[in-house]
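From a predicted model like this one, the values you see are computed outputs, not experimental measurements.
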Amino acid sequence: MKKVFLFSVFLLCGLVFSQILPGMMGEAYVSFERVFKNLMFICLAFIMINVGREFELDKKKWKSYTADYFIAMATAAVPWLLVAFYYIYLLPHNDLSWDKSLLISRFAAPTSAGILFTMLAAAGLRKEWIYKKTQVLAIFDDLDTILLMIPLQILMIGFKWQLFVIVLVVCVLLMVGWRKLGALNLPQSWKAILLYAVGLVAVVESIYLITKSFMGSDGAIHIEVLLPAFVLGMVMKTVHIGGREEEKAGSVISYVFMFLVGMSTPLFIGTGADAGNDFYLPEWGVIAFHVAMVTLLSNIGKMFPLFFYRDRNPLERLALSIGMFTRGEVGAGIIVIALGYQLGGIAVIVSLLSLVLNLVLTGFFVVAVKRISQRVYGMKE
C-alpha cells in the first residue's frame with residue numbers, strides 16, 4: 001500500500017511543479033520540458049514492457065479466452081463511455097470537442113494489472129479463482145485500452161495517408177506479438193528492460209523527427225510507444241527475477257513516471273474568466289464534486305464482471321469487480337498521450353485528480369476484496 005500512496009504523492013508533486021517551474025525558468029523551460037517528456041516516455045515504455053510480460057496465455061486454448069476478452073473489453077469500455085458522456089454533456093466549461101473528450105476520458109478504462117496482482121497475492125489469494133480470473137481480465141483490459149487508442153488517434157489526426165502506415169504497423173506488431181508470444185529468451189533484469197525502453201523511444205522519436213523533416217509537422221508519422229512496448233513484453237519468455245534491487249528499481253521508475261505525468265499538466269493556476277487565459281477554472285469545491293462524480297462513474301463501470309460468471313458465488317464476482325477498480329500507470333499513460341495532442345482545460349485537471357483519488361482509495365478496495373474473499377473461501381484473518 002505504500003507504493004500506491006507514493007504514486008498519488010508523486011503525481012500531485014509533479015502537478016504542483018508544473019504550475020511553478022514555467023514561471024521560474026522562463027524560456028529555458030522549453031528545453032527542460034523536451035528532456036523530461038522524453039524521460040517520461042522511456043518510463044512509460046519500461047512500464048508497458050512489464051505489463052506485456054504478464055501476458056501469459058495458452059495459445060492452444062485460445063477459444064477458451066473469447067468470453068473473457070469480451071468481458072474485459074466491456075469492463076474497459078463502460079467506464080470510458082460513462083466518463084466521456086459526463087465530460088461531453090455534464091461537465092461545465094469543458095471546451096474540448098467530443099472526439100477530444102473521448103480521448104481524455106479513456107484514462108478511466110485500464111485496470112492496473114501490477115497493483116491488482118500484488119494486492120491479491122499479498123491477501124493470500126494466489127491459488128483462488130479471483131486471482132486467476134483477474135490475471136486474464138486485467139491484461140485483456142490493458143490490451144483493449146491500447147488497441148482502442150488507435151481509432152481515437154485516427155479521430156485526432158484525420159484520414160491521411162500516414163494513418164494507413166500507422167494501421168499497418170499496428171497490424172504487424174499484433175501478428176508478431178501473437179505468433180512469437182513468450183518465444184524470445186531475452187535478458188529481463190530491470191537494467192535490460194530499461195535499455196529496451198530507451199531503444200524503443202529512440203526508434204519512435206526518430207521516425208517522427210525524420211518524417212517531420214521531410215513532410216512537416218502535419219505530415220509526420222507519430223507512433224505511440226504504448227503498443228510496441230507492450231508487444232515487446234509479450235514476445236519475451238517471461239522470467240520472474242526477484243530480489244530487492246529489481247523491486248526497488250521498478251518502483252522508482254514508476255514514481256518518476258507519475259511525477260513526470262503531473263509535470264506535463266498545462267498551466268491552470270490563475271486561469272479563469274477574468275484572467276483572460278486559456279480556460280475557465282471553477283471554484284475548487286466545484287472541481288472536487290466533478291472529480292468525485294467521475295471517480296464514481298468510472299468505478300461503477302468497472303462492475304461489469306458482476307453480471308457474468310454466473311456459475312461462481314455472487315460474492316466472488318463482487319470481489320472480482322472491486323479488484324478491477326485499481327488504477328495506475330497505464331491510465332496515467334493515456335493522459336500523457338492526450339496531453340501530447342495539446343489537450344487542456346478542466347477535463348484534464350479532473351482526470352488527473354480523479355486518478356489521484358482512485359489511487360488513494362485503493363487501500364479501501366484492497367480491504368473490501370480481502371474481506372469478501374475471506375468470507376467466500378473461509379480464510380482466517
Side-chain angles (χ1 to χ4, degrees), residues 3 6-7 9-11 13-15 17-18 21 29-55 107 110 112-115 142 145-146 149 153 166 169-170 173 177 184 186-212 220-236 238 241 245-265 328-342 352 355:
K3 182 175 181 179
L6 287 175
F7 275 176
V9 171
F10 278 99
L11 187 58
C13 287
L15 193 150
F17 276 100
S18 73
L21 290 183
Y29 185 77
V30 176
S31 299
F32 174 72
E33 184 180 35
R34 190 178 300 115
V35 171
F36 85 69
K37 285 194 173 180
N38 281 326
L39 178 59
M40 177 175 62
F41 283 112
I42 291 170
C43 293
L44 177 59
F46 178 93
I47 291 163
M48 291 311 302
I49 291 172
N50 282 317
V51 172
R53 290 172 65 221
E54 296 288 346
F55 195 85
F107 88 95
S112 174
I115 292 175
D142 284 343
T145 297
I146 295 167
M149 288 300 294
Q153 288 175 257
I166 294 173
V169 170
V170 169
L173 286 172
L184 299 185
L186 298 173
Q188 295 178 44
S189 66
W190 73 267
K191 294 177 182 178
I193 294 174
L194 184 59
L195 182 62
Y196 305 149
V198 172
L200 280 175
V201 172
V203 169
V204 169
E205 189 66 15
S206 295
I207 292 172
Y208 173 73
L209 292 175
I210 291 171
T211 54
K212 181 181 177 181
I221 297 173
H222 193 184
I223 300 170
E224 301 293 350
V225 78
L226 277 175
L227 185 60
F230 184 85
V231 170
L232 178 57
M234 282 178 63
V235 301
M236 289 183 183
T238 305
I241 302 175
E245 181 185 352
E246 291 289 328
E247 183 179 345
K248 185 177 180 180
S251 296
V252 168
I253 291 172
S254 293
Y255 299 150
V256 170
F257 174 68
M258 297 302 278
F259 176 78
L260 295 176
V261 170
M263 280 282 293
S264 301
T265 308
E329 304 99 307
V330 180
I334 301 301
I335 295 177
V336 166
I337 292 173
L339 292 172
Y341 287 98
Q342 306 304 313
L352 275 168
L355 182 61

CD1 on Ile47 to CZ on Phe230, rounded to 0.5 Å: 14.0 Å
Within this structure, what is the CZ-CG distance for the pair Phe41 and Leu200, rounded to the nearest 0.5 Å? 13.5 Å
Heavy-atom closest contact (Leu226 atom, Met48 atom, distance): CD2-CG, 3.5 Å
Value rounded to 0.5 Å, distance of CD1 in Ile42 from CG in Leu195: 10.5 Å
Nearest heavy atoms of Leu173 and Val231, plus distance in Å: O-CG1, 3.5 Å
Quick one: CD1 on Ile210 to CD on Glu205, what's the gap to the nearest 0.5 Å? 10.5 Å
4.5 Å side-chain heavy-atom contact, Ser251 and Lys248: no
Atom pair CZ (Phe46) and CH2 (Trp190), whose distance is rounded to the nearest 0.5 Å: 7.5 Å
Test side chain to side chain contact (heavy atoms under 4.5 Å, CB included) applied to Leu352 and Val261, step by step: CA-CA 9 Å; Leu352 275 168; Val261 170; 3.9 Å; yes
Under the salt bridge (Lys or Arg N to Asp or Glu O under 4.0 Å) test, which residues partner Lys191, sequence neighbours left out? none
With Phe17, which residues qualify under side-chain contact (heavy atoms from CB on, under 4.5 Å), at least two apart? Leu21, Phe259, Met263
Compare all side-chain heavy atoms of Pro187 with those of Tyr196 and state whether any distance is below 4.5 angstrom. yes
On a heavy-atom basis, which atom in Arg53 and which in Asn50 lie closest, and how many Å separate them? NH1-OD1, 2.7 Å
For Asn38 and Val201, which heavy atoms make the closest approach, and how far apart are they? O-CG1, 4.4 Å
Results of side-chain contact (heavy atoms from CB on, under 4.5 Å) for Val203 - residues two or more places apart only: Ile207
Could you give the distance from CG (Leu260) to CD (Glu33), rounded to the nearest 0.5 Å? 11.5 Å
Search all heavy atoms of Ser264 against all heavy atoms of Phe36 and return the closest pair with its distance. OG-CE1, 3.7 Å
All heavy atoms of Ala197 vs all of Ala45, minimum pair found to be CB-CB, 3.7 Å
